[in-house]
Structures are given as structure tokens and as C-alpha cells.
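Worksheet: one structure, shown below.
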Amino acid sequence: MTLLIRNGDIITSCERRTADILCENGVITAIGHHLRAPESAEVIDATGKYVFPGFIDPHVHIYLPFMGTFSKDDWESGSKAALMGGTTTLIEMCCPSRAEDPLEAIRLWKSKAAGLASCDYTFHAGVTRFDETTTTALKAVVAEEKISSFKVFLAYKGAFGIEDTELYQTLALANELGVVVTAHCENADLVSETQKKLVTEGKTGPEWHEPSRPVTVEAEGCHHLMTFAEMTGAEVYVVHTSCQPAVEAIKAARERGVKVGIETVASYLTLDSSYAEKPDFEGAKYVMSPPIRAREHQDYLWQALADGTIDTVATDHAPFDYASQKHMGHPEAGKAVDASFKPTGKPANFTLIPNGIPSVEERVKLLYTQGVVTGRIDLHTFVRAASTRAAEIFGLYPRKGEIAPGSDADLVIWDPQWSGIISAGTHSMATDYSAFEGWPVQGRPETVTVRGKVMVKNGAWCGEKGWGTFLPREPKA
Ligand code: DUC
Ligand code: ZN
Ligand code: ZN
């Protein structure tokens with residue numbers, strides 16, 4: 001498989017040049033002017049287009065047993081949607097229940113992707129309890145399963161959430177092994193007490209989700225994790241930061257020497273809390289945790305992204321159907337919007353709405369349209385946040401996140417002139433709705449390659465199910 005991309009405007013996290021890119025046997029072999037096309041090569045003219053390194057989403061859920069249901073995508077639909085949006089590598093959160101063993105869980109999560117994934121992938125290994133078996137299991141996760149990041153939840157106690165002693169043990173082990181610990185930071189007890197209070201007061205609609213886990217609850221979670229990271233020396237990465245107080249708590253820890261990466265997600269940069277207030281239960285489409293915040297936090301996040309405080313923009317893609325799944329939390333509990341919904345007959349409330357917003361397909365287009373086109377971020381920051389930093393933090397660089405000889409030929413030829421509209425009617429995700437229905441987007445991934453194979457051409461799918469490969473990662477020295 002030989003591919004020559006001619007005359008593209010190559011944009012990486014720190015460089016810009018117009019040149020040809022030659023890809024042979026899955027990797028980039030030359031970058032230069034007037035490269036000779038080998039006889040068998042497919043040649044693509046990228047004149048007037050950008051060429052970006054394949055984008056990386058470091059936080060997705062594809063297989064997710066959660067809140068009494070399962071997320072809607074499988075690896076076939078999820079990875080196809082990712083590629084249609086320009087994302088060539090996914091890092092999925094492996095989220096076992098407290099009853100499951102982390103090593104068995106990684107093997108199960110890997111089996112869900114194998115044969116179905118069309119993009120490349122790896123996992124963060126969920127640590128949802130820590131007992132006398134855990135050290136051995138996690139050492140095998142790292143050494144045998146080639147995973148070099150863990151995931152912990154300070155929220156969702158009773159499901160994924162861990163206790164402080166377990167958090168300490170996980171971070172201490174991670175530090176010993178050279179593994180990064182990613183963390184969902186919200187104080188679980190404050191969330192459950194506030195949920196109880198609101199529901200008792202009859203505040204049961206989706207608009208009460210945000211007040212049940214306000215910014216202070218997230219900031220406390222971040223500060224909490226920072227204290228444990230400082231005490232253990234572990235490198236950490238806070239997933240889906242949604243607001244100014246959370247980012248500030250982490251920044252303060254950075255100043256104390258804590259090694260910490262900061263992620264936000266496309267939904268926080270583009271939606272605000274008014275969406276969860278939409279009438280007739282439509283707000284449920286916008287329920288995720290931490291919640292979508294007031295507009296002022298969005299402005300702060302864009303600024304923090306532009307100045308480099310925020311490392312990455314992910315999605316926390318967690319897709320649930322509106323009709324059959326989000327309605328599990330409808331206050332009238334029996335209200336069926338279509339035949340696929342099975343009413344429970346029991347009173348429900350916002351705490352039962354499966355948390356998550358499908359967005360793996362839209363992340364890059366939203367970031368480009370609302371970030372680059374508006375001038376909030378430059379092209380290099382765009383590439384860094386949507387690709388390169390994730391590769392650096394999670395041990396994939398320079399194989400991924402870079403355009404250089406030796407890097408995988410994961411390339412996105414981007415047409416900046418294209419404009420279109422987001423719609424569930426045309427998306428590749430499996431959900432019955434889009435949180436961004438009708439939104440205009442400027443620019444699109446016209447051609448997308450994974451290790452030199454063209455998966456998207458002229459914006460249309462031409463990929464191959466199962467082409468994606470697991471990416472082994474080594475811990476840091
Ligand atoms: N938050 C979500 O909104 N969905 C999945 C898990 C999470 O932490
Ligand atoms: Zn989370
Ligand atoms: Zn998540």
C-alpha cells in the first residue's frame with residue numbers, strides 16, 4: 001500500500017509547510033518537494049487543503065455497562081463515526097464494576113474491539129476496587145496487556161467509584177510502575193446528598209442535574225486528587241474538566257510540582273447549561289457528568305485551551321438513545337416516546353438519566369469551527385489539543401500525533417472551504433439523536449487514512465471493519 005499526498009499545507013503542533021508526503025507500508029517514509037510517485041502509488045492532490053496528523057480522542061466509552069443499560073455504539077459504529085470525523089485513534093475507558101477483576105476486564109474490553117474496530121485503539125485500565133489481588137492484576141495489565149494508564153472514578157460510588165485508601169494504593173502503585181492515572185473528579189458523597197435533597201423537594205427534571213453536581217463539587221474532586229498525587233508522586237490526568245474552579249484547583253497543584261494533565265471535552269466548549277433546561281424532557285439529551293456549565297465557564301475553558309493550560313480536548317463519548325435510554329429518567333417514568341422504550345412504572349428522576357453525550361464524530365469539526373474559524377485558537381493549538389498532546393501523555397508519540405518520517409501514516413486531509421450541517425439523519429453514530437442537531441460546521445475531513453489505508457474519501461466511508469489495531473504502550477521509565 002503506497003500513497004502519495006501531493007502539495008498539502010501540512011500542519012503539526014508546531015510546524016507548517018507545504019510539501020508532499022509519501023506513505024509506504026503503513027508509515028510515512030518521506031516528506032519533501034516533488035517526491036516521485038512509486039509505480040503502484042495512489043496519488044491524492046491536497047492542493048489548497050490542510051494535512052493534519054490523525055486526531056486522537058483519549059477519552060471515549062464504546063462498550064459501557066452503565067446506569068442500568070449499555071451505551072449504544074459498538075466498535076463497528078463507534079470507530080467508523082470516529083474516522084468520519086477525522087479521529088484515527090481512540091483511547092477507551094475500560095470500566096469494570098467493583099465486582100470485576102481489572103485484568104479480566106481489560107481482556108473483555110479488548111475482545112469487544114478486536115475484529116470490529118476500523119481505527120487504532122488502546123485503553124485506560126479501570127481500577128474500581130483495590131484489594132489483595134489488585135497489585136498482581138495491575139502489574140499484568142501493564143506488562144502483559146501493554147496498557148500504561150489507569151482510570152479511577154471519585155464519583156459514582158457503589159458502581160465505579162473508589163474509596164480514599166484504594167485511591168492511595170492505586171496512585172502509589174502507578175507511581176512505582178510509571179503509569180499515568182486518569183481520573184473523574186467529583187466528590188461522590190456531595191453529589192448523592194445533593195441529589196437526595198433535590199429529589200425530595202420535587203426537583204426531578206433534567207435541569208436539576210447540573211445543580212446536583214455544581215462546580216464546587218468538581219473543584220473539590222480535583223483538589224482531592226491533587227492532594228493524593230502530591231503525596232504519592234504519581235502522574236495524573238484529570239478527565240473532562242468543565243469549569244474554572246476545577247481548572248484552577250489543578251493549576252494550583254501544578255505550581256506545587258504535581259505532574260498533571262488537563263482534559264476538557266468538546267461538549268463543554270460548545271454547549272451551556274441552558275440546553276439541559278430545554279422543555280419536554282429534551283434537556284435529557286444534554287445530561288452528562290460533570291454537567292454542562294454556564295456560559296462563563298465555557299469562555300474560561302477556551303482561554304485556558306489557547307494559553308496551553310488545558311492539554312487535550314476529548315469527548316467522553318458515551319452514547320445513549322434519547323427515546324429508549326435517556327427516558328429511563330423521565331419523571332413520569334412510564335412516558336414512552338416510541339415502542340423501544342420499556343416503561344418501568346416506577347417514579348423516576350434526573351438521577352436515572354444515563355449520563356453521556358454522543359460526540360466522537362463531531363469533536364474535531366466543532367473544535368475547528370468554534371475554535372479555529374472564530375480565532376479563539378490557532379491551527380497548532382488545534383492539532384496539539386486534538387492529537388499530539390494525547391499521544392505524548394499516553395505513550396503513543398511519535399508513532400501517533402505527528403507527521404514525520406517513521407510515524408504511522410494516519411493523516412487527515414482537511415477541506416477548510418467545505419460547510420455543512422450536523423444531523424442525526426446523516427451521522428454514523430448509533431444514537432437516535434445528535435446533541436448538535438442543525439448546527440453549522442465549517443471544514444471537514446475530506447480524506448482520512450489509518451496506517452496508509454484510505455478509510456474516508458471525499459467525505460464518504462470507504463473503510464474496512466477490523467482494520468484497526470490495538471496499540472501496545474509501555475510505561476514511562
Ligand atoms: N460521564 C458521563 O457523562 N458519561 C460516562 C461516564 C462519565 O463519567
Ligand atoms: Zn467521567
Ligand atoms: Zn468518561
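When a ligand or atom number is given, it counts from 1 through the structure's own listing order. Quick caveat: nothing in here was measured; it's all calculated off a predicted structure.
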With a 6.0 Å cut-off on ring centres, are H327 and Y322 close enough?
-> yes

May I ask you to identify the nearest protein heavy atom to atom 1 (N) of ligand 1, giving residue, atom name and distance to one decimal place in Å?
-> S289 O, 2.9 Å

Taking Y397 for its side chain and T388 for its backbone only, find out whether a donor-acceptor pair lies under 3.5 Å.
-> no

Number the atoms of ligand 1 from 1 as they appear, then name those within less than 4.0 Å of a heavy atom of M288, with their elements.
-> 3 (O)

With heavy atoms only and a cut-off of under 4.0 Å, state how V239 meets ligand 1: side chain, backbone, both or neither.
-> neither

Return yes when H240 approaches ligand 1 closer than 4.0 angstrom through a heavy atom, no otherwise.
-> yes

For atom 4 (N) of ligand 1, the protein heavy atom that lies nearest, with its residue and separation = N355 O, 2.9 Å

Using 2.8 Å as a strict upper limit, say whether an N, O or S atom of C95 approaches the Zn ion (ligand 3) that closely.
-> no

D316: its N/O/S atom lying closest to the Zn ion (ligand 3) (atom name) | OD1

Got more than 12 heavy atoms from elsewhere within 6.0 Å of NE2, H224?
-> yes

Minimum-distance protein heavy atom relative to atom 8 (O) of ligand 1 = H184 ND1, 2.9 Å

H317 ring center near H61 ring center (under 6.0 Å) = no

Nearest non-hydrogen atom to atom 2 (C) of ligand 1 belongs to which of D316, I357, I292?
-> D316

Would you say Y300 has more than 12 foreign heavy atoms packed within less than 6.0 Å of its OH?
-> yes

Examine H59 and say whether one of its N/O/S atoms is closer to the Zn ion (ligand 3) than 2.8 Å.
-> yes

So which heavy atom in the protein is nearest atom 7 (C) of ligand 1, and how far is it from that ligand atom?
-> Y156 OH, 3.4 Å

From the options R254, K251, R256, select the one residue that forms a side chain to side chain contact (heavy atoms under 4.5 Å, CB included) with M226.
-> R256

Exactly one of R213, E186, R293, E210 clears side-chain hydrogen bond (donor to acceptor under 3.5 Å, both in side chains) with S242, and that residue is R293

Establish, from distance only, whether the side-chain atoms of T369 and Q442 form a donor-acceptor pair under 3.5 Å.
-> no

Between T431 and D321, a side-chain donor and acceptor under 3.5 Å = no

For A318, counting its heavy atoms only, list the atoms of ligand 1 lying under 4.0 Å from any of them.
-> 4 (N), 5 (C)

May I ask you to check if any N/O/S atom from H184 comes under 2.8 Å of the Zn ion (ligand 2)?
-> yes

